[in-house]
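Down below is the structure, laid out as structure tokens.
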There are 2 protein chains.
Amino acid sequence: MTSAPKLSDQLCFAAYSFTHALNRAYRPLLEPLGLTYPQYLVMLVLWEADGQTVKEIGERLKLDSGTLTPLLKRLEAGGYVMRRRGKEDERQVIVHLTDEGRALSEKAAGIPVELGCAMGAELGEIAELRERLLSLRDRLSEAGCAVGEPEE
Amino acid sequence: MTSAPKLSDQLCFAAYSFTHALNRAYRPLLEPLGLTYPQYLVMLVLWEADGQTVKEIGERLKLDSGTLTPLLKRLEAGGYVMRRRGKEDERQVIVHLTDEGRALSEKAAGIPVELGCAMGAELGEIAELRERLLSLRDRLSEAGCAVGEPEE
DNA sequence: CGAAATCAAATTGCGCGCAATTTATATCGG
DNA sequence: CCGATATAAATTGCGCGCAATTTGATTTCG
């Protein structure tokens with residue numbers, strides 16, 4: 001008798017609802033900066049290395065141009081980045097921080113700390129959890145198309 | 001000098017991209033059933049207990065009527081559930097499985113197993129990770145409005 | 001060189017998630 | 001009993017995420 005899978009047993013639901021809770025926790029912290037959470041992630045990528053192409057940003061965040069193009073336009077409208085066609089290769093668009101965008105990193109510096117406190121978890125626990133999630137993510141991505149073949 | 005937070009240091013990004021990877025892994029498994037991942041979660045809730053109100057489903061999944069109402073309408077259009085106004089309290093809408101919706105649980109029974117294999121993780125590891133994510137989620141939710149007060 | 005294949009962004013369409021508002025029903029207090 | 005309050009869904013508006021397609025530039029190869 002194949003009983004239905006239980007919600008409470010599922011790692012997937014735990015990850016799903018944890019992510020949403022994180023999103024909700026970030027919202028009030030990011031709102032004063034005029035950023036959504038995915039926009040914040042893009043800014044993190046640019047603070048690490050300015051002048052990346054849409055493709056490079058997408059590889060880092062695992063997002064495609066369908067998501068990034070409108071998001072970057074909103075960041076541009078907000079005055080945090082500038083989008084320029086590449087000079088050598090006109091297919092690509094290079095994203096540069098504005099002065100304002102660079103300056104924003106100072107205001108955002110306290111956010112991870114604050115979130116860490118809200119979770120009340122130790123740095124070591126956080127780090128370990130992070131590694132496990134990234135490793136499972138990569139295994140899932142590798143499995144990728146292999147998922148789905150019947151067992152018999 | 002307050003340097004910008006690093007993407008790679010962040011638990012939040014790990015959770016974010018793990019969740020998206022899970023979503024992508026579920027997609028090809030759920031597509032033959034005609035379900036999206038959030039729809040699958042709703043079905044999990046109903047397979048455990050049929051005849052719940054929109055509110056009850058929302059409490060279980062941490063979703064509100066703005067998300068659930070259109071989702072449930074699509075499930076109804078797909079023939080898996082029926083939505084009925086409550087007889088005692090006409091404010092609430094009670095969601096019932098159809099025969100087809102109940103039958104679907106058999107086809108979905110293999111999905112968690114398949115995903116577990118794709119992640120190549122042990123049951124114990126999965127269970128532990130799940131508990132930690134749920135516990136952090138709840139701590140985040142409790143902190144809730146407390147998040148955001150300045151430190152000085 | 002020039003057509004075909006490849007590649008980077010942009011666009012389109014759809015389903016979430018959630019804040020904010022609206023509608024309809026139920027309950028409470030005077 | 002009736003108006004005020006509270007509650008459950010539904011609705012509206014916006015920003016993702018992603019599949020699929022389109023547009024325009026570049027590379028490949030005959």
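Naming: A, B, ... by sequence-line order, numbering from 1 per chain.
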Task: DNA chain C: 5'-most and 3'-most nucleotides touching chain B, 4.0 angstrom heavy-atom criterion - done: C:dG15 to C:dA26

TODO: Have a look at B:Ser65 and say if it touches a base, only the backbone sugar-phosphate, or nothing, with a 4.0 Å heavy-atom cut-off.
DONE: base

Open item on the list: Determine whether B:Arg60 and B:Leu41 satisfy the following criterion, side chain to side chain contact (heavy atoms under 4.5 Å, CB included), listing intermediate values before the conclusion.
Closed with: CA-CA 10 Å; B:Arg60 203 71 205 287; B:Leu41 291 179; over 6 Å; no

TODO: Please list, by residue number, the residues of residues 38-47 of chain B whose heavy atoms come closer than 4.0 Å to an atom of DNA chain D; answer none if no residue qualifies.
DONE: none

Open item on the list: Has B:Glu56 got a side-chain atom pairing as donor or acceptor with B:Thr53's backbone, closer than 3.5 angstrom?
Closed with: yes

- [ ] Keeping the roles fixed (side chain from B:Ser65, backbone from B:Leu68), state whether a donor-acceptor pair exists under 3.5 Å.
- [x] no

Task: Partner set under side chain to side chain donor-acceptor pair (under 3.5 Å) for A:Thr69, not counting sequence neighbours - done: none

Task: Selection: residues 72-90 of chain B, any non-hydrogen atom under 4.0 Å of DNA chain C - done: B:Arg74, B:Glu88, B:Asp89, B:Glu90

Open item on the list: Tell me every residue that passes salt bridge (charged side-chain N to carboxylate O under 4.0 Å, His left out) with A:Glu59, counting only those two or more places apart in sequence or in another chain.
Closed with: A:Lys55

TODO: Quickly, which of B:Arg85, B:Gln92, B:Arg91 forms a side-chain hydrogen bond (donor to acceptor under 3.5 Å, both in side chains) with B:Asp89? Name it, please.
DONE: B:Arg91

Open item on the list: So, using side chain to side chain donor-acceptor pair (under 3.5 Å) as the criterion, who are the partners of B:Glu31 when residues are at least two apart?
Closed with: none

TODO: Note the angle between the end axes of the helix from C:dC1-D:dG30 to C:dG30-D:dC1, five pairs defining each, rounded to 10 degrees.
DONE: 0°

Task: Side-chain donor or acceptor of B:Asp138 paired with backbone N/O of B:Ser141 under 3.5 Å - done: no

TODO: Could you check A:Arg137, A:Glu131, A:Arg139 and say which one makes a side-chain hydrogen bond (donor to acceptor under 3.5 Å, both in side chains) with A:Ser135?
DONE: A:Arg139

Open item on the list: By the ring-ring contact (aromatic ring centres under 6.0 Å, His included) test, which pairs, at least two apart or in different chains, include something from residues 39-89 of chain B?
Closed with: B:Tyr26-B:Tyr40

TODO: With sequence neighbours excluded, tell me which residues meet side-chain contact (heavy atoms from CB on, under 4.5 Å) with A:Arg24.
DONE: A:His20, A:Ala21, B:Lys62

- [ ] Return the set of residues passing salt bridge (charged side-chain N to carboxylate O under 4.0 Å, His left out) with A:Asp50 (not counting sequence neighbours), or none when no residue passes.
- [x] A:Arg102

Open item on the list: Reading DNA chain C from 5' onward, which residue's closest nucleotide shows up sooner: A:Glu56 or B:Tyr37?
Closed with: A:Glu56

Using a cut-off of under 3.5 Å, enumerate the N/O to N/O pairs linking the protein to nucleotides 1-7 of chain D.
unit_1 : atom_1 : unit_2  : atom_2 : d
D:dT7  : O2     : B:Arg91 : NH1    : 3.1

Open item on the list: Just to be sure I understand the rule, does B:Leu68 reach a base, reach only the sugar-phosphate, or reach nothing, if contact means heavy atoms closer than 4.0 Å?
Closed with: nothing

Task: Pairs satisfying salt bridge (charged side-chain N to carboxylate O under 4.0 Å, His left out), at least one member in residues 65-77 of chain A, at least two apart - done: A:Glu76-A:Arg83

